[in-house]
Amino acid sequence: MGVGGLIRHSCLFMSDIIHLLPDAVANQIAAGEVVQRPASAVKELMENALDAGATDVRLIVKDAGRTLIQVVDNGKGMSPTDAQKSFERHATSKIKNADDLFRLTTMGFRGEALASIAAVAQVELRTKRVEDESGTLIRIEGSVIQEQEPCATPTGTSVSVRNLFFNVPARRNFLKSDTVEFRHIVEEFERIALSHPDKAFELNHNNQSIYRLEKGNSETWIGLFRQRIVALYGNPYNQRLVPVEEHTDIVRINGFIIKPEFAKRTRGEQFFFLNTRFIKNPYLYHAVQSAFQQLLPPDSHPGFFLFLEVDPKTLDVNIHPTKTEVKFEDDKSIYAILKSTVRKSLGQYNISPTLDFEQEMSIELPYKLSDKPVEPPKIYIDTNYNPFTADTRQPKNEVQRNNLNNWQDLYRQHMEQSPEISAGQTEVPLFQNVQEKPEGQGFLQLSQRYIVCGLKNGMLIIDQQRAHERVLYERYLKQVEQHQGVCQQKLFPDNVEFSPAGAATLNGLLEEINALGFDVAPFGSNAFVIHGVPAGTEHLDSTYLLEGIIQDYSNNEQELLLKPKENIARSMAKRAAVKPGQTLSAEEMKNLVDELFGCEMPASTPDGKPCFIQTGIDELDRRLKQRS
Ligand code: ADP
Ligand code: MG
């Protein structure tokens, strides 16, 4: 029927079907593009403050922005007429014609933010220019101005946004937990604070001061930037930053990379700023990542804080409403320059890369005791052993044999009791013939990553890191639930300082952390003393360990919505697990395998990755026959 049908149909009723949406509805729809969550309003309001020339921007938030988001600035303020106009759609003081679009140096220019926010919240604006006697107060709610009157207010602007999405229940219901929403806010705040190290910022949440960032006292921009990073993320960062600098005709690059040994396992600390605006750009990310190649510990991501400046004429920033994506005219050259610049900085810092790297790596390895001389693995080698003949050897070591029996028994019992565990885990091959007796007696470590052990009718290949993660996870979960963690007191307590956000997370988790065997106490605003660590992690760098746990914890919380106890056990297990590259002694392998099969769910890591695979002799036979 299509269009014709539609027209006939409407004619039939003699009424037109196209009508203009009321402004309020149109604004609400458009608001969806600009304001997705409290953090988007935070970003828009803070950017407006900076565009108005503010040198001091305060952000006050209640209930993760659900009930209040207020931004107070000391910028140039607005006249009464401008104050009213500022809420109209496409009202902007920043461009007058299309040409201006290519000369933009301000953050916003679409004239949509205030209109959008006012469409979905109850907004109160107070603003005054320095030359005016009195200021202006405007109350607006769901795009309708409720009140406008002169008021006494300091020079600058204050915008408070109350009850965001009060008139859009669908959006309100779509918001995540307060922790998640607040984290988004902190993220926006950090990006803006980082990109303006010469300005003062404050973040207050539920009457608690989270950040108070003064303008630094360095003479140079790069010095200010360093101070800002340290103020946001804590003192240890001072030692972790390596400067990056390159000025070419196409692009100017300034900033820092994080030394590879402090790379994180999450992508938290990756900041590109393009002409002072935070951007995301997978292509540029790839350039940095490839510069770091070979230098990063496995599974970790480079950390960087990089400012790029290019001529605005060579950019299309307007391709996305929230403007974190950009298109460069000459992206290939920028890629190449970025990569070589980062490489150069890494090279300058890394005078003896392999040596340093090895040392830093060993800090993470739980099985190696630092005072123990490095020994070759004490693996039992049977010179007559031929993996391709049927196994007829007599086990020489009864204990080991018993252990193998034990764990396979345990595993069998487990499978019988809970057959549902195998469902949906088709990637993990399970023992098909659980009646068979394992007769392997030695453990062989492959590539310092896998443990191979023989079964009567095949072999098991166990991923050492994953197996250990599973073992630790179950142990830590029990400990945190039953407050049974064993603490190893430190001879010399460590003082650590966290970022305000990290400190807030840690403060909320102290009970769980200490239940695991840590002995951590708050010490000043964002500082903590580590008096003791969980037994078995003494050889790890306790600051780095704790920092990693907090970071994983926050990430898991955001992405997986895990319960706190489970989350902390997971984070801790991930951080403390033995890494690839660690040589294990025969005894260590045996213990690990025993422990793995004593677990409730040995087949996979807490996040569902297989811990081992099994290959049967019949499979080997089949494959070898195929070849001959
Ligand atoms: P845009 O920032 O894209 O111009 P907004 O809706 O964010 O659009 O703001 C509309 C206008 O209101 C701005 O162009 C600016 O003139 C004015 N304005 C908004 N916030 C402030 C502020 N904090 N201080 C001074 N003027 C402001
Ligand atoms: Mg704006």
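Order of appearance sets the numbers: ligands from 1, and atoms from 1 within every ligand.
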Partner of C151 under side-chain contact (heavy atoms from CB on, under 4.5 Å), picked from I138, L137, T136, is L137

What part of E47, side chain from CB on, backbone N/CA/C/O, both or neither, has a heavy atom under 4.0 Å from ligand 1?
-> neither

N/O of N48 under 3.5 Å from N/O of ligand 1, yes or no?
-> yes

Is it true that K574 and D607 make a salt bridge, defined as a side-chain N closer than 4.0 Å to a carboxylate O?
-> yes

Pick whichever of A52, A49, G53 has a heavy atom sitting closest to atom 24 (N) of ligand 1.
-> A52

Enter the distance from F278:CZ to F272:CZ here, rounded to the nearest 0.5 Å.
-> 9.5 Å

Which atoms of ligand 1 have any heavy atom of E112 under 4.0 Å away?
-> 6 (O), 8 (O)

For this output row, return yes or no: ring centroids of Y283 and Y335 closer than 6.0 angstrom.
-> yes

Before signing off on this row, confirm whether L114 and ligand 1 have an N or O atom pair separated by under 3.5 Å.
-> yes

Close N or O approach (D73, ligand 1; < 3.5 Å) | yes

Backbone or side-chain N or O of K76 under 3.5 Å from ligand 1 N or O | no

What side-chain donor-acceptor pairs closer than 3.5 Å can you find for residues 78-88, not counting sequence neighbours?
residue, atom, partner, partner atom, Å
S79, OG, D82, N, 3.1
S86, OG, A83, O, 2.7

Atoms in ligand 1 with a heavy atom of M78 nearer than 4.0 Å | 17 (C), 18 (N), 21 (C), 25 (C), 26 (N), 27 (C)

Review item, side-chain donor-acceptor pairs of residues 227-236, under 3.5 Å, at least two apart:
residue, atom, partner, partner atom, Å
Q227, OE1, N217, N, 2.9
Q227, NE2, N217, OD1, 2.7
R228, NH1, A193, O, 2.8
R228, NH1, H196, O, 3.2
R228, NH1, K199, O, 3.3
R228, NH2, K199, O, 2.6
R228, NH2, E214, O, 3.0
Y233, OH, E190, OE1, 2.9
N235, ND2, E497, OE1, 2.8

